[in-house]
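Structure first, commentary second.
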Amino acid sequence: MNLPTRRGGITLSIIIVLILLVGLMVTFFVVRSGAIHGGNPEASDNFFQTAGTFSDAQTTAATEGKLVFVLATADWCPPCRSFRGGTLADPAVQDQIASVAIPYKLDVTNQNLPAHDAELAQMLGVSSIPAVYAVDSDNNIIASAVGNLSNRQLTSWLSNAASQQ
């Protein structure tokens, strides 16, 4: 069977293979560089260690007249890692969160969540991650969003949530 050829006798199948190889190499280097994962997800972890339990976060938020910013995430979740290493690692985003809310990380990685986190996940109706919730001192969910939000999307969402408080 004769395949159609292009100049210089290169067959169409060779061109397709070369295109696939280039695509695989580009994908490999993008993943390896961390561009898909958004940097280092641990970069935002210190920010979320301000409260011991959700109840502690609520008490602090009520005292300071703020919301509780709940991040529902998991270590095994690539979009969660990207969100934590990108948007949530940005100091400007962290400053805006801290100005209107007390940050709390709800890590659903462990199937044996502590009772208080299992109850929180149920109260919030966590069904997809990453997700963020703005909760007031009466456990009312003021706002919620699912997905890997950009800096602009998250800061806009947070401003809207704070204005509804």
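One is the number of the first residue; the rest follow in order along the sequence.
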query = Can you name the side chain to side chain donor-acceptor pair (under 3.5 Å) partners of Ser159, sequence neighbours left out?
reply = Gln96

ask   = Can you tell me how far CG of Asn148 sits from OG1 of Thr87, rounded to the nearest 0.5 angstrom?
value = 5.5 Å

query = Can you list the residues that meet the side-chain contact (heavy atoms from CB on, under 4.5 Å) rule with Ala162, with sequence neighbours excluded?
reply = Val100

Partners meeting side-chain contact (heavy atoms from CB on, under 4.5 Å) with Pro130 (sequence neighbours left out) = Cys77, Pro79, Cys80, Phe83

CZ on Phe47 to CD on Gln94, rounded to 0.5 Å = 5.0 Å

ask   = How many angstroms lie between OG in Ser44 and CD1 in Ile97, if you round to the nearest 0.5 Å?
value = 9.0 Å

ask   = Between CG of Leu149 and OG of Ser156, what distance do you get to the nearest 0.5 Å?
value = 10.0 Å

Results of side chain to side chain donor-acceptor pair (under 3.5 Å) for Gln58 - residues two or more places apart only = Asn139

request  = Would you mind listing every side-chain hydrogen bond (donor to acceptor under 3.5 Å, both in side chains) that reaches into residues 117-131, with sequence neighbours excluded?
outcome  = Tyr104-Asp117

ask   = If you measure only the distance, is there a donor-acceptor pair under 3.5 Å linking the side chains of Asp56 and Thr53?
value = yes

request  = Identify, with sequence neighbours excluded, every residue that meets side-chain contact (heavy atoms from CB on, under 4.5 Å) alongside Asp95.
outcome  = none

Under the side-chain contact (heavy atoms from CB on, under 4.5 Å) test, residues paired with Asp75 that sit two or more places apart = Arg84, Asp107, Thr109

query = Residues two or more places apart in sequence or in another chain: which of them pass side chain to side chain donor-acceptor pair (under 3.5 Å) with Gln153?
reply = Ser150

key: Set of side chain to side chain donor-acceptor pair (under 3.5 Å) partners for Asn160, sequence neighbours left out   = none

request  = Supply the members, apart from Ile142, of the Ile/Leu/Val/Met/Phe/Trp/Tyr cluster built from side-chain contacts under 4.5 Å; use none for a lone residue.
outcome  = Leu67

query = Which residue pairs pass the salt bridge (charged side-chain N to carboxylate O under 4.0 Å, His left out) test when at least one of the two sits in residues 134-145, sequence neighbours left out?
reply = none

